[in-house]
*Asks:* 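For reference, the structure I am asking about is given below.
Predicted model only: the values in this text are computed from it and were never measured. All values below were derived from every heavy atom in this structure, side-chain atoms included, with hydrogens, water molecules and symmetry-related copies excluded.
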Amino acid sequence: QVQLVESGGGLVQPGGSLLLSCAASGFTLDYYHIGWFRQAPGKEREGVSCMTNREGITYYADSVKGRFTISRDNAKNTVYLQMNSLKPEDTAVYYCATDPRPGRLCVRYEYNYWGQGTQVTVSS
């Protein structure tokens, strides 16, 4: 079975950094598109950063450009999200997602496989 497990979340002060990891199993990661999404209480789950499987084309939400970086290590079957200069509005549950053939990049309903989520809280 396809399985994704996020780690690296926690409490951080504004301006701090976190590295989120997503360990994949049950499939070969290099054939799959990957993405990071987040959901704050009372809000829709939104795409944060995504990457295609072959060309490595990336997408970043305007709110995180210049602060977040998505990457993948196919040999380790792991996806990463480096988050720098964190702001209180970044507080949310962050989810790793994957799909072999999403119709649109970084649109949540196009991704069929999801991790359990990891909480990121940015507060003084």
Side-chain angles (χ1 to χ4, degrees):
Q1 291 183 322
V2 173
Q3 186 176 16
L4 302 170
V5 180
E6 301 96 333
S7 62
L11 175 64
V12 65
Q13 294 184 354
S17 298
L18 285 174
L19 176 64
L20 303 185
S21 299
C22 175
S25 61
F27 66 102
T28 302
L29 183 61
D30 58 349
Y31 294 115
Y32 283 69
H33 300 251
I34 57 172
W36 287 95
F37 297 75
R38 67 186 182 187
Q39 186 168 22
K43 300 186 68 176
E44 295 287 333
R45 191 171 301 184
E46 63 177 349
V48 176
S49 182
C50 300
M51 179 183 289
T52 63
N53 60 345
R54 297 180 180 179
E55 300 175 350
I57 299 171
T58 56
Y59 162 88
Y60 293 95
D62 288 341
S63 59
V64 307
K65 286 181 179 178
R67 300 190 297 121
F68 291 11
T69 304
I70 188 172
S71 63
R72 67 197 300 166
D73 188 334
N74 291 332
K76 296 182 178 179
N77 244 35
T78 302
V79 183
Y80 303 97
L81 183 68
Q82 177 65 53
M83 305 188 295
N84 299 324
S85 301
L86 284 162
K87 305 174 181 179
E89 50 263 44
D90 295 319
T91 296
V93 177
Y94 283 72
Y95 298 89
C96 177
T98 190
D99 198 275
R101 189 186 171 190
R104 297 182 67 186
L105 186 63
C106 235
V107 176
R108 72 178 192 275
Y109 59 77
E110 298 283 358
Y111 292 75
N112 289 317
Y113 304 102
W114 295 83
Q116 83 289 347
T118 185
Q119 177 70 48
V120 172
T121 303
V122 185
S123 179
S124 299

*Asks:* Tell me which pairs pass disulfide bond (SG atoms under 2.5 Å apart) where either residue lies in residues 55-98, with sequence neighbours left out.
*Replies:* Cys22-Cys96
*Asks:* Can you hop from Val64 to Tyr111 via hydrophobic side chains spaced under 4.5 Å?
*Replies:* no
*Asks:* Using the rule that Ile, Leu, Val, Met, Phe, Trp and Tyr join whenever any side-chain heavy atoms are under 4.5 Å apart, tell me whether Phe37 and Leu105 fall into a single cluster.
*Replies:* yes
*Asks:* Under a 4.5 Å cut-off applied to non-hydrogen side-chain atoms, are Tyr95 and Arg45 in contact?
*Replies:* yes
*Asks:* Specify the closest pair of heavy atoms between Arg38 and Ala92, including all atoms of both residues, with the distance to one decimal.
*Replies:* CB-CB, 3.8 Å
*Asks:* Going through the checks in order, is the side-chain contact (heavy atoms from CB on, under 4.5 Å) test met by Ser49 and Leu81?
*Replies:* CA-CA 8 Å; Ser49 182; Leu81 183 68; 4.2 Å; yes
*Asks:* Drop me the distance from Gln13's CD to Leu86's CG, to the nearest 0.5 angstrom.
*Replies:* 11.5 Å
*Asks:* Please list every donor-acceptor pair under 3.5 Å in which a side-chain atom of residues 24-36 meets a protein atom from a residue at least two apart or in another chain.
*Replies:*
residue : atom : partner : partner atom : Å
His33   : NE2  : Asn53   : OD1          : 3.2
Trp36   : NE1  : Tyr80   : O            : 3.3

*Asks:* Under the side chain to side chain donor-acceptor pair (under 3.5 Å) test, which residues partner Arg104, sequence neighbours left out?
*Replies:* none
*Asks:* Classify the angle between the aromatic ring planes of Tyr94 and Phe68 as parallel (below 30°), tilted (30 to 60°) or perpendicular (above 60°).
*Replies:* tilted
*Asks:* How about Val120 and Leu18: do any of their side-chain heavy atoms sit closer than 4.5 Å?
*Replies:* yes
*Asks:* Does any non-hydrogen side-chain atom of Pro88 lie less than 4.5 Å from one of Ser123?
*Replies:* no
*Asks:* Looking only at atom types and distance, does a side-chain atom of Asp99 sit under 3.5 Å from a main-chain N or O of Asn112, one as donor and one as acceptor?
*Replies:* yes
*Asks:* Would you please name every residue forming a salt bridge (Lys or Arg N to Asp or Glu O under 4.0 Å) with Arg108, sequence neighbours left out?
*Replies:* Glu44
*Asks:* Looking at OG1 of Thr58 and CD1 of Ile70, how far apart are the two atoms once the value is rounded to the nearest 0.5 Å?
*Replies:* 8.0 Å
*Asks:* Is Val93 reachable from Trp114 through a run of hydrophobic residues whose side-chain heavy atoms are each under 4.5 Å from the next?
*Replies:* yes
*Asks:* Membership question, hydrophobic clusters at under 4.5 Å side-chain separation (ILVMFWY): are Tyr113 and Met51 in the same one?
*Replies:* yes
*Asks:* If Ile, Leu, Val, Met, Phe, Trp and Tyr residues are connected whenever their side-chain heavy atoms lie under 4.5 Å apart, and connections chain through other members, are Leu19 and Val48 in the same group?
*Replies:* no
*Asks:* Are any of the side-chain heavy atoms of Thr69 and Met83 separated by less than 4.5 Å?
*Replies:* no
*Asks:* Verify, without hydrogens or angle tests, whether Thr91 (side chain) and Val122 (backbone) share a donor-acceptor contact under 3.5 angstrom.
*Replies:* yes
*Asks:* Between Asp73 and Thr78, do the side chains contain a donor N or O and an acceptor N or O under 3.5 Å apart?
*Replies:* no
*Asks:* Do NZ/NE/NH1/NH2 and the carboxylate oxygens of Lys87 and Asp90 come within less than 4.0 Å?
*Replies:* no
*Asks:* Show every disulfide bond (SG atoms under 2.5 Å apart) that has at least one partner inside residues 33-85, sequence neighbours left out.
*Replies:* Cys50-Cys106
*Asks:* Is the closest side-chain heavy-atom distance between Ser17 and Val12 below 4.5 Å?
*Replies:* no
*Asks:* Which residues pass the side chain to side chain donor-acceptor pair (under 3.5 Å) test with Glu6, sequence neighbours left out?
*Replies:* Gln116
